[in-house]
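These notes concern the structure reproduced below.
Source: prediction; values computed, not measured.
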Amino acid sequence: MTDNDHNSHSPINPNTLPNFDNMPNVATMDTSHVDKDQPPFILVDGSYYLFRTYHALPKTMQNSQGLITNAIRGTLNALLKLMRRYHPTHMAVCFDTKSPTFRHAMSAEYKAARPPIDIELVEQIPYIHHLVAALGIPLLRIEGAEADDIIGTLAYRAVEQGHHVVISTGDKDMMQLINDCVILEDSFTGKITDSAGVIEKFGIEPHQMIDFLTLMGDSSDGIKGVPGIGKKTAKDLLNKYGNIDTMLKNVAEIKGRAGKNLVEYADDIPFNAKLATIVTDLAIGQDWTDLIINTDPCAHIDELRKLYSELEFKNELASLDHPNHPANGSASIADSQADAESQAQVAKSLQSSTIENIKDSKSHDKAWHTILDMPAFESLLEQLTNAAHFVIDTETTSIYWRQAEIVGLSFAMQAHEAYYVPLTHRLEGDELIEKQLDRDTVLSRLKPILENPNIGKIGQHLKYDAHILSHYDIDLVGALHESPNNWAMDTMLASYVINAAVTRHGMDDLARHYLQTQTISYEDVAGKGAKQVSFDQVAIDIASDYACEDADITYQLFDLFHKQLAEDDNNAKLLYELEIPTAQILCQMEANGILIKRSFLNELSKRFDEEIIALEKRAYEIAGEEFNLGSPKQLGEMLFDKLGVPGGKKTKSGQYSTGEAILSKIDHPLVEIVLEYRGLSKLKSTYTDALDAVADNETDRVHTSYHQALTSTGRLSSTDPNLQNIPIRTVTGRLIRQAFIAPKGRVILAADYSQVELRLMAHFSEDANLTHAFKEGLDIHAATAAEVLGKDVADVTATERRNAKAINFGLLYGMSAFGLAKQLQMSRGEAQDYIDMYFDRYPGVKQYMVDTRASAVNRGYVETILGRKLYTPDINHSNRMVKQGAERAAINAPLQGSAADLIKLAMIAVDKVLPKEQAKMLLQVHDELVFEVDSDKVEEISQLITDAMQDVLTTTAVEKGWHVDFAVPLLVETDSGQNWDEAH
DNA sequence: GCATCATCTTA
DNA sequence: GTAAGATGATGCG
């Protein structure tokens, strides 16, 4: 099918800039003459529906030819909805065209910022154009004009001539066109916005919308805005001054950053205002009176029939034989016409995208029970014993597992039914509420069931519940029969494996996204902020609803994910063979903790403090006055204003940039002091003081928490404290590492994968040179320098090696010449030459970059070595910067993500062979594992770990069904010593 | 009291 | 240029 241009109109010269000074203003025009009894003139922002429905509706809407039809259906539904609602006589659907407009002429960025649209959407566009035509609705595409401006112009003319207007769009920029007789209606979300709606949403009037956007900026439209002025400040300033002109006249009285930046960026305001303004006086031929809907049922019925059958819109097709034509806007037909399934899909997607339409989970028929007596508990025990699997959730006094005590337990054995067993809810005076069952009795009766490996355990973030239960000497185990590994399902990890990027993986997020259900929030039951109480202070009936809902929702999620995983064998394997076993190991590692030498940390802290004070004193002498050395703002003003040092650059929020990269270029005694001050105060506050504060007072061990469902690539993250960013690069920083020690009779042993991401690059790219270097065991950075410069490895200088190292890292990060130039302090051209030389010598690597970008664009995801799909949602973003960012992330993701897969496999492999009496796994730092090991077994255990890690792809991975023919050797380096520094 | 910015730490 | 988390300063309510 080809696009049919019979509805396109004569071009507008994109180089002719509109006259913004005399632009007619829809929001402020006179509307007293408008007759509201007539049906409104409807202007549809076709481009909005195209993009919105394409991204919001499932891609599973397809015909048997594999054509995705979600945007076609979504846009069609929007049109039909409008016709049903208004029975309009005049209407137009407006689309952008590909040709440049005056906005391109205004801004170079605008010109460059036209990325390709997803092919799956492009394919749908001609169908939409044809459908609009076949429905008898005028379609407007004007070369050189944007849909927004066509709509603005026609809306103005219609109102001028006495008609009221409905603009069908969800684009907030269009709010500037609202007045008494012009409203916006988003037919996808159902939201209608009039003047009151604008005031409610942004606190300003529609006629202030242009100024509002100009001040605040709008990244999606490339409007920069004034730094330091966001939604809120823009609103307040407009309320005070009415408009930007008045604001600028009184700018002297505007305090703070906003006032300062208004002056500084005043010159940019007119330009931004133009970008934000919708044109209302385009020289287009059509008048609203020309845009008549053809309501003759027979006019295009054959065309419609053809389209519906090709698209396989069955119910729409059937409805054509009905006496009424859909273009009549007959409600009875329109309601019956979309087929039930796709209507349901549309409805589902709608619910997930608008909070107002989300169910609350209580609207179901529910059977939620509170267990308060032994007979009821006995009955529950019997059900749990006989269940193949069930959901368990613990309620506790804290979100930190280390200090949490159990308050109650909830269970679910099927959807829509749940049980809560309150144990230690308290009255205000901390007294236990009497009617509850005894905690220890309940736990001891549950213990055999929770420890029974044949009864599957399901939960949301089970690592947490496992920690809690282990406080009470219960070892939570129990898998599904079809998956051998422990725990039947962790819904958080399941969601993470299925799609790490589509949503966060907290239960509230999962309920909203997958079940279209808004759960009771913790704040609802326990209050928020300082007034929040712990769960044992929540009344039992309220707590029971909350806890039962958690278990119920978790069960429903289990049902859903179980089905989804049955259809994707690799995802199931990633969950059951990789993530869940990893979670169990993490649970042990967190519980182990790492011993620290408190006295040493305290000494360091004291030493740092003395040096900091001395530095402050010297700084004040140089500056001539006291100021806060830790304040970038005060430092910037002191250095660049008061002391008059040249080289001041400002950040986007208007203050001087004083980052290390800038300061280290400045030759001034104060700078030296500041850099040393910063280094020391960072070490003191973030490490020496903080570690001492979080260490267990009895055991002197520090227990981090690993978050397993957070990063976009599959890496773990570590918090409270973060033990993945302990210093190593500087001598002083390394002192911190010396505080991490082993207990008497043991040593710290660290094992890390050498150059794992570059090896993965060699594997994926199959580049002959890179592969060769690793196979020969060369110093990879020196080898790169030698290769690129065409000299012998032995002749490579230190600088040459350093540059090669930077380029190797750059590769992993999706490097640009700009970025490399900054890193190496060379010109962009030099950096580009260097990159060109590199790609000339490593053509496989270049090809990998090209292929990975293409894969991300075409499929919407990239894959790791174990087949984990990492989705790249912004890969076709309309903003060029965002898109390029997504491309770099897409290049990096398979490398970083595969390294994460490998270390998880390694943890599982090592855990299996590690003699638990003689060694403990303590930490994971992305490509490194840290252990404490009996001193007399170091050699032996070190070898055990090295072998397990190096052979992981030929042993553990294969056992679990992943067959990877890795292109280069995996190398593990180990070392040991009295502390973590010595072990590295 | 809470959110955001700038800065700095790691792989 | 990728991926994270913690801190102090600052500004807002």
Identify, with sequence neighbours excluded, every residue that meets salt bridge (Lys or Arg N to Asp or Glu O under 4.0 Å) alongside R715(A).
E757(A)
Should the pair H461(A) and H707(A) be assigned to parallel (<30°), tilted (30 to 60°) or perpendicular (>60°) ring geometry?
parallel
So what does A806(A) hit on the nucleic acid, given a heavy-atom distance under 4.0 Å: a base, only sugar-phosphate, or nothing?
base
State which of dT7(B), dG1(C), dA3(C) makes the closest approach to the side chain of T658(A).
dT7(B)
Atom NZ of K805(A) to atom C1' of dG1(C): distance rounded to whole Å?
16 Å
Would you say a side-chain N or O of K822(A) is under 4.0 Å from OP1 or OP2 of dG1(C)?
yes
With heavy atoms under 4.0 Å as the rule, sort E928(A) into base, sugar-phosphate or nothing.
nothing
Minimum-distance nucleotide (side-chain atoms of D927(A) versus dT2(C), dA11(B), dT7(B)):
dA11(B)
Going by the angle between their ring planes, with limits at 30° and 60°, are Y813(A) and F809(A) parallel, tilted or perpendicular?
tilted
Can you sort out which residues in residues 709-731 of chain A have a heavy atom within less than 4.0 Å of DNA chain B? Ascending by number, please.
R715(A), Q724(A), N725(A), I726(A), P727(A), I728(A), R729(A)
Side chain of A690(A) only, heavy atoms from C-beta on: which candidate in dA3(C), dC8(B), dT7(C) is closest?
dT7(C)
Check the distance between dT7(C)'s P and Y677(A)'s OH and give it to me in whole angstrom.
15 Å
Please determine, for the side chain of R678(A), which listed nucleotide (dT10(C), dT7(C), dC8(B)) has the closest atom?
dC8(B)
Check: R802(A) side chain, L824(A) main-chain N or O, donor-acceptor pair, under 3.5 Å
no
What's the shortest heavy-atom distance between T864(A) and G897(A), and which atoms?
CG2-C, 3.6 Å
Does dA4(C) have OP1 or OP2 under 4.0 Å away from a side-chain N or O of Q896(A)?
no
Would you mind checking if K606(A) and E610(A) are paired as a salt bridge, meaning a charged N to carboxylate O distance below 4.0 Å?
no
Geometric class of the Y848(A)/F764(A) ring pair [parallel <30°, tilted 30-60°, perpendicular >60°]
parallel
At under 4.0 Å between heavy atoms, what does S681(A) touch on the DNA or RNA strands: base, sugar-phosphate, or nothing?
nothing
Select one nucleotide: of dA6(C), dG1(C), dT10(B), the one nearest the side-chain heavy atoms of T686(A).
dA6(C)
Which of dG1(C), dT7(B), dA3(C) is nearest the side chain of S657(A)? It is dT7(B)
Please report, rounded to the nearest Å, how far the C1' atom of dC2(B) is from the NZ atom of K531(A).
14 Å
Reckon S631(A) has a side-chain N or O less than 4.0 Å from the OP1 or OP2 of dT10(C)?
yes
Does this structure show an ion pair linking R701(A) with D696(A), if we count only N-O contacts that are shorter than 4.0 Å?
no
Measure the distance from CD on Q655(A) to C1' on dG11(C) and round it to the nearest whole Å.
12 Å
What's E660(A) touching, base or sugar-phosphate or nothing? Going by heavy atoms closer than 4.0 Å.
sugar-phosphate
Starting at NZ of K682(A) and ending at P of dT10(B), how long is that distance when rounded to a whole Å?
9 Å
